[in-house]
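Report on one structure; see the data block that follows.
For the numbers below, each heavy atom of this structure counts, side chains included, while hydrogens, waters and symmetry mates do not. Order of the sequence lines fixes the chain letters, A, B, ..., with proteins taken first and strands second; residue numbering starts at 1 for each chain.
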There are 2 protein chains.
Amino acid sequence: MSTSGERAAFLTNPRSERVRSVVSLRRGSVRSRRSRFLVEGPHAVRELLRYAGAHVVDLYLTDEAASEHPDLAQWARQEDASVYRCTDQVLEVMSDAQHPQGTVAVARRIDVSVQEALNAVGEGFAVVLSNVRDPGNAGTVIRGADAFGAAAVLVSGDSVDLYNPKVIRSTVGSAFHLPISVGAPVEQILDVARRRGIDLLAADGSGPTSLRDADLAGPHAWVLGNEAWGLPADVMAGCDDRVAVPIVGHAESLNLAMAATVCMHASAAARLGS
Amino acid sequence: MSTSGERAAFLTNPRSERVRSVVSLRRGSVRSRRSRFLVEGPHAVRELLRYAGAHVVDLYLTDEAASEHPDLAQWARQEDASVYRCTDQVLEVMSDAQHPQGTVAVARRIDVSVQEALNAVGEGFAVVLSNVRDPGNAGTVIRGADAFGAAAVLVSGDSVDLYNPKVIRSTVGSAFHLPISVGAPVEQILDVARRRGIDLLAADGSGPTSLRDADLAGPHAWVLGNEAWGLPADVMAGCDDRVAVPIVGHAESLNLAMAATVCMHASAAARLGS
């Protein structure tokens with residue numbers, strides 16, 4: 001016999017207040033007012049539970065997802081989150097994804113201060129996103145930062161919102177793996193980094209230093225700019241070096257995520273002494 | 001006084017047969033029957049004219065695009081293409097892009113045979129796409145192949161169509177910079193490559209060889225698989241090695257375009273002796 005605490009409430013009405021409240025978290029203004037965001041899909045929710053379980057507020061599961069992933073509801077309850085079963089239709093309304101996977105969580109924001117993010121750098125490296133606007137790009141860079149062992153990511157206030165469901169989705173769980181600051185002006189981020197002795201490297205396709213000559217031995221941060229126009233002159237001027245990924249073919253440039261990937265991989269290789 | 005040959009016909013009816021014929025090239029079956037495809041935007045059209053000018057059949061320009069890019073119409077006429085002016089509305093109907101840029105060209109297909117593509121490899125490297133389905137991924141990999149000096153790209157028959165407007169658009173002109181074969185089964189591609197002495201390297205996140213230990217000195221080809229499930233076992237078995245990009249953080253994997261980017265960059269670095 002299950003107690004009432006273990007029996008999940010069952011949501012059937014896609015127009016209920018609760019469902020509408022979840023859906024409203026797709027809007028940045030609501031997320032920022034309520035300090036909550038959405039996490040979708042069993043993999044991302046599991047990573048959230050594993051790395052930031054105390055932040056989970058509510059978990060919504062279809063019957064199918066609940067029976068395929070029995071660990072999720074149990075784990076969420078251990079974290080004092082509320083667990084709700086819901087119909088496929090309700091889940092579909094809640095989900096921002098093209099292919100909803102039966103699982104949506106509402107979580108408290110996970111970002112840290114600029115100071116805390118940069119404290120994590122130690123002898124390693126961080127990634128600064130300045131005016132990066134595409135959710136897929138931001139998410140891909142965060143996923144790469146995680147894969148290549150970056151200590152932290154700092155998302156400037158003029159970049160896309162970390163909590164945009166498309167950003168969270170394209171990090172594939174990596175958003176929960178390393179400290180991320182959001183919302184600070186890039187000037188403030190660079191200022192704090194500079195005072196911490198972190199070398200600021202602007203990723204700039206027309207920069208004077210080739211990636212193969214860049215000094216990646218000490219603590220450093222990759223500063224990545226807008227997809228179309230890169231970094232503004234004053235931000236470039238505030239960096240210690242402007243580093244270009246060498247291009248050997250006829251392509252004029254790499255896209256932001258590719259350039260970032262190559263730079264972060266070089267930082268990882270430098271740390272591993274290859 | 002301009003002669004009639006220099007005066008462009010002006011298209012005002014978005015429902016005309018000509019406009020519908022251009023629009024129909026968004027469909028793969030029509031492209032393959034007519035051996036024609038669409039190229040959109042002034043930058044991509046300029047690259048098409050520069051690298052495959054003889055393939056241009058028709059060029060459509062709004063008044064604004066024609067006056068901003070006067071070289072395009074002139075260049076297209078030199079290549080014996082027909083040039084048409086059209087209203088913004090007509091161009092918008094023709095364009096597959098979210099932000100049409102006033103320029104659409106119809107071109108004859110540009111792909112080469114598997115043999116011709118692999119003949120270009122010499123001491124360099126090629127990239128094989130096997131069952132890659134996302135247009136943005138395919139386009140990004142082709143852009144990277146160009147930037148990192150790949151000799152050729154070979155797109156298997158079960159991958160997304162090279163001539164899908166989204167693929168062409170995301171190559172940002174790189175589709176015209178290097179020989180690309182399309183449509184052959186991956187087994188045939190690998191077979192021809194093997195007989196040419198080209199080392200076949202499967203990009204595989206769980207492969208036994210780390211990228212830093214991979215032998216990239218001789219002629220080789222990166223074999224890239226599907227976004228979700230990678231390469232099938234028999235294709236893997238037909239490769240000489242399975243190479244993984246080392247991951248140091250908590251991320252489970254890199255996405256296809258990121259892994260390809262790092263691998264191709266390593267090939268470029270090996271050739272440049274860094």
Contact residues of residues 135-147 of chain B (partner chain A; heavy-atom separation under 4.5 angstrom): T140(B), R143(B), G144(B), D146(B), A147(B)
Partner chain B: residue of A266(A), S253(A), P246(A) with the largest heavy-atom pair count (under 4.5 Å): S253(A)
With sequence neighbours excluded, residues passing salt bridge (Lys or Arg N to Asp or Glu O under 4.0 Å) with D241(A): none
Inter-chain contacts: residues 169-180 of chain A against chain B, heavy atoms under 4.5 Å: S174(A), H177(A)
More than 12 heavy atoms of other groups within 6.0 Å of Q115(A) CD: yes
Within 6.0 Å of CD in E68(A), more than 12 heavy atoms from elsewhere: yes
Check against side-chain contact (heavy atoms from CB on, under 4.5 Å), F148(B) and I247(A): CA-CA 6 Å; F148(B) 295 124; I247(A) 289 184; 5.9 Å; no
Interface residue of largest heavy-atom contact number with chain A, from A257(B), G249(B), A260(B), A251(B), under 4.5 Å: A251(B)
Salt bridge (Lys or Arg N to Asp or Glu O under 4.0 Å): pairs with one or both residues in residues 198-208 of chain A, sequence neighbours excluded: D204(A)-R242(A)
Residues E252(A), H43(B); criterion side-chain contact (heavy atoms from CB on, under 4.5 Å); working and verdict: CA-CA 11 Å; E252(A) 278 176 29; H43(B) 172 76; 3.0 Å; yes
Test side-chain contact (heavy atoms from CB on, under 4.5 Å) applied to T261(A) and H265(B), step by step: CA-CA 10 Å; T261(A) 297; H265(B) 177 258; over 6 Å; no
Pairwise side-chain contact, H250(A) with E47(B), heavy-atom cut-off 4.5 Å (strictly under): no
